[in-house]
Amino acid sequence: MNEWDKLTPVLWLSFQQTVYMVFWTMLIAGVLGLLLGVALYTSRRGGLFQNAPAFHLLNVLVNIVRPIPFIIFITAVGPLTLLVMGTTIGTQSVLFPMSAMATFVIGRIVEQNLVSVDPGVIEAARAMGASRFRIVWSVLIPEALGPLVLGYTFIFIGVVDMSAMAGYVGGGGLGDFAITYGYQQFNWPVTLVTVVIIIAVVQVAQLVGNWLARKALRR
Amino acid sequence: MAPVIRFSAATKEFPASRGSAVRAVDTVDLDIEDGAITGVIGYSGAGKSTLVRMINALELPTSGTVTVGDRVTGTLGERELRALRGEVGMIFQQFNLFASRTVAGNVGYPLRIAGWSKEKRKQRVAELLEFVGISEKARQFPNQLSGGQKQRVGIARALATSPRILLADEATSALDPETTADVLALLRRINRELGTTIVVITHEMEVVSSICDTVVVMEQGKVIEHGPVYDVFADPREQATRRFVNSVLKDRPSAETVARLREHFSGRLVTVAVRAEPGARSALSDVLAGHDVRSTVVYGGIRELADKPFGSITFELTGSDPAIDALIRELAQHTDVEELSAA
C-alpha cells in the first residue's frame, strides 16, 4: 500500500488537470460552438440570415476538421498552437487544440438541435416584429434548450476523452496518469482506479445533464 | 368605408429550383375595408397564405405594391417594419406558441419587443388573458393546454399591442367543431368590440358563413371574385367559385349523383335555387301546387348564410312535358332553375 502514498497526490493533481482542461474547453468551445452552430443554422437556405457562400464555407470547414482523429489533430495544429499559446507543451497549451476541435463538434451538434425548432414559432416571432438577432437569443435558443443541454452533455464526455489524449503532448491529466503509472509500469490496479474515477465523473455529468434537460423541457 | 389594406398589381414569385419561377400571387388588385372581417378562400396552393403574409411583410411583393395604412411594405426600414408588425397581429393553425415560455410569457413577448416596462406589461397581460377568458392559466406552459386554450393564448398574444389588423391563417382548422365555434365567437367579439379589421384564410364554410362580411376567392394566385359573402356565394360569377361553393355546401348533385338518381327516378330532374328574395319560398310552393305536375324532392340542402337562407333543392318532375315546361318557366321568374340534362 506504500505505493498509493506516493501515487495519491499525483492522482489528485492529474484529476485537477483533467478538470482544468475539460472546464476551459467546455467554456471556450461551448460559446464558440454555439456561435458556429447558430451561424450554420441561420445561414442555410430559408434561414434568418440566409447566405449560401457563408453556409458552404462553414459547412465544408466543419466537415474537413471533424473527422481528423484528435491525437493527429493535436500534432497537426502544433504550429498554430505555438503561435497562439506560445508553447506546445503543458496543460495550458493543449487547451488550444481541444477548444478548436470541440468548437467544430459542438457547432454541428448545436446546428442539428436548432433544426428541431418549429419554423412556425420563428415565423410568429417575425410577425410580432422581433429583429433577427432577438429571435436567435430570445426564441431559437430557448426553444431548443432541452436538446441543447443533452447535446452539451454528450460533448462533455467527448471532451473528457480528448483530455486523456492531451497527455501525449505533456498535457497531464487522468489519461496521462493511467498510461504513465498504470500501463507503462504494468500496474493494472492504477489503471483500474483511474478508469473508475473517469466513469464516475462521466456518470455525474450525465445525471446533471439529464436533470437540467428535463427542467428545460418542463416535462 | 376606406380600405386599410390595398394591393396594387401585387405579384409574388418564388424562384423554382428548376424551370420557371412559381407565381404564388399574380397581379392582385384588392382593397380590404377597415373594420370588416374578410375571408380568403380557395383550394390549397391558390396563394391564400402568401397573399395574407404580404400584409405583415413576411413576404414582400416581387412587383406591384401592398399598402397597409399609410405604409408601403416593400420600402420599410427595420424600425418601420417593427411598427407595421405591431399594428398587424397574426394567429396560426398550429398556434405557434413558444413552448419555453408560460402563457403570460407568450402574451407578454410582443410587449417586450415594443419596449413596455415590466409593470405595464404585467397589467396588459392580465387584461388580455381576462379578455380571452384564460386568466387562470397564466402560469402554465402551452403543452399543458388544450387546442382551444392554445388558440386563445395565440389570440391574446396577437392582440397584445392593440393591432388595427388581425390575420388568421386557418386558425380553427386544427380545432374540433365546438371549440371552433368558441374561437369564431371570440374573433367576432374582437371585431365588434375593438373594431379590429380581421382577415381570415380558411377552407371551412363554417368560418365564412358565421363570421365573414366579405369574401375573396383565389385561384392560381389570382383573386377571381370579391364581394359580400352572400352575393358571392348566392351568385358566383366564376366557374371556380361555383365549384368551391358546391364543394363546401354539397347542395347540388354531382355528375355521379345525377347518374345514380336517374336509376331510381325516371322523370325530369330540376335543381331550384333557394335564395333570400322575400316571398321566393312561398312562391315556390305556389308554383309547384299550381300545375298538373307531380314533384318529388330527390336531393338538396339549405343553410343560413349571413342570416339569410341559401341552398338548392333538386326535384323529380313527372307529368306531361308541356306542363313541366310551363312550370319551369314560371319558377324561373322567381329564382334560378337548372334542368339537369338527360343522361
Side-chain angles (χ1 to χ4, degrees), chain A residues 34 37-38 41-53 55-56 110 113-152 209-219, chain B residues 14-15 17 49 52-53 55-59 76-102 105-115 139-144 153-154 157-161 163 165-170 174:
Chain A
L34 185 67
V38 167
Y41 174 76
T42 55
S43 62
R44 61 164 61 200
R45 222 176 104 128
L48 285 166
F49 297 94
Q50 183 173 330
N51 185 331
F55 173 76
H56 289 300
V110 167
N113 285 329
L114 295 182
V115 172
S116 70
V117 174
D118 176 9
V121 173
I122 293 168
E123 187 182 40
R126 284 181 64 211
M128 286 177 238
S131 69
R132 294 180 293 179
F133 282 109
R134 186 171 197 127
I135 291 173
V136 169
W137 63 258
S138 75
V139 176
L140 197 56
I141 292 171
E143 289 292 304
L145 200 58
L148 280 177
V149 168
L150 290 178
Y152 273 86
N210 287 349
W211 179 72
L212 284 174
R214 230 182 358 260
K215 271 195 75 134
L217 286 170
R218 307 182 198 279
R219 279 184 188 146
Chain B
F14 291 106
S17 47
S49 278
V52 166
R53 278 165 172 70
I55 298 171
N56 58 356
L58 285 177
E59 302 289 356
L76 305 175
E78 188 86 1
R79 178 189 291 259
E80 278 284 286
L81 190 62
R82 198 172 315 150
L84 167 75
R85 288 175 176 168
E87 286 178 23
V88 185
M90 189 166 188
I91 57 175
F92 306 86
Q93 179 172 10
Q94 297 302 330
F95 323 121
N96 295 355
L97 301 180
F98 305 125
S100 58
R101 293 174 193 270
T102 61
N106 268 276
V107 177
Y109 186 79
L111 301 173
R112 273 173 189 273
I113 294 169
R139 293 171 165 280
Q140 300 205 352
F141 284 91
N143 64 6
Q144 298 168 290
V153 177
R157 186 176 68 174
L159 292 178
T161 51
I165 300 166
L166 179 63
L167 309 177
D169 185 358
E170 298 278 9

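Below, chains carry the letters A, B, ... as their sequence lines are ordered, and counting in each starts from 1.
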Using non-hydrogen atoms and a 4.5 Å limit, figure out which bit of [X] sits close to chain A: side chain, backbone, both or neither.
{"X": "R112(B)", "result": "both"}
{"X": "E78(B)", "result": "side chain"}
{"X": "F92(B)", "result": "side chain"}
{"X": "L97(B)", "result": "backbone"}

For this session: Give a yes or no on whether the backbone of R126(A) and the side-chain of R85(B) come within a donor-acceptor separation of less than 3.5 Å.
Result: yes

Restricting to non-hydrogen atoms, name the atom on [X] and the atom on [Y] that form the minimum distance, rounded to 0.1 Å.
{"X": "A127(A)", "Y": "L58(B)", "answer": "N-CD2, 4.0 Å"}
{"X": "R82(B)", "Y": "G129(A)", "answer": "CG-O, 3.2 Å"}
{"X": "R157(B)", "Y": "A124(A)", "answer": "NH2-CB, 3.6 Å"}

For this session: Sequence neighbours left out, what passes side-chain contact (heavy atoms from CB on, under 4.5 Å) with S49(B)? Give chain and number order.
Result: R53(B), D169(B), I201(B)

Problem set entry | Euclidean distance, N96(B) CG relative to M128(A) CE, rounded to 0.5 Å | 8.5 Å

Exercise. Out of curiosity, I113(B) CD1 to I135(A) CD1, how far, rounded to the nearest 0.5 Å?
Worked result: 7.5 Å

For this session: Taking side-chain hydrogen bond (donor to acceptor under 3.5 Å, both in side chains) as the test, write out the residues that go with Y41(A), two or more places apart.
Result: none

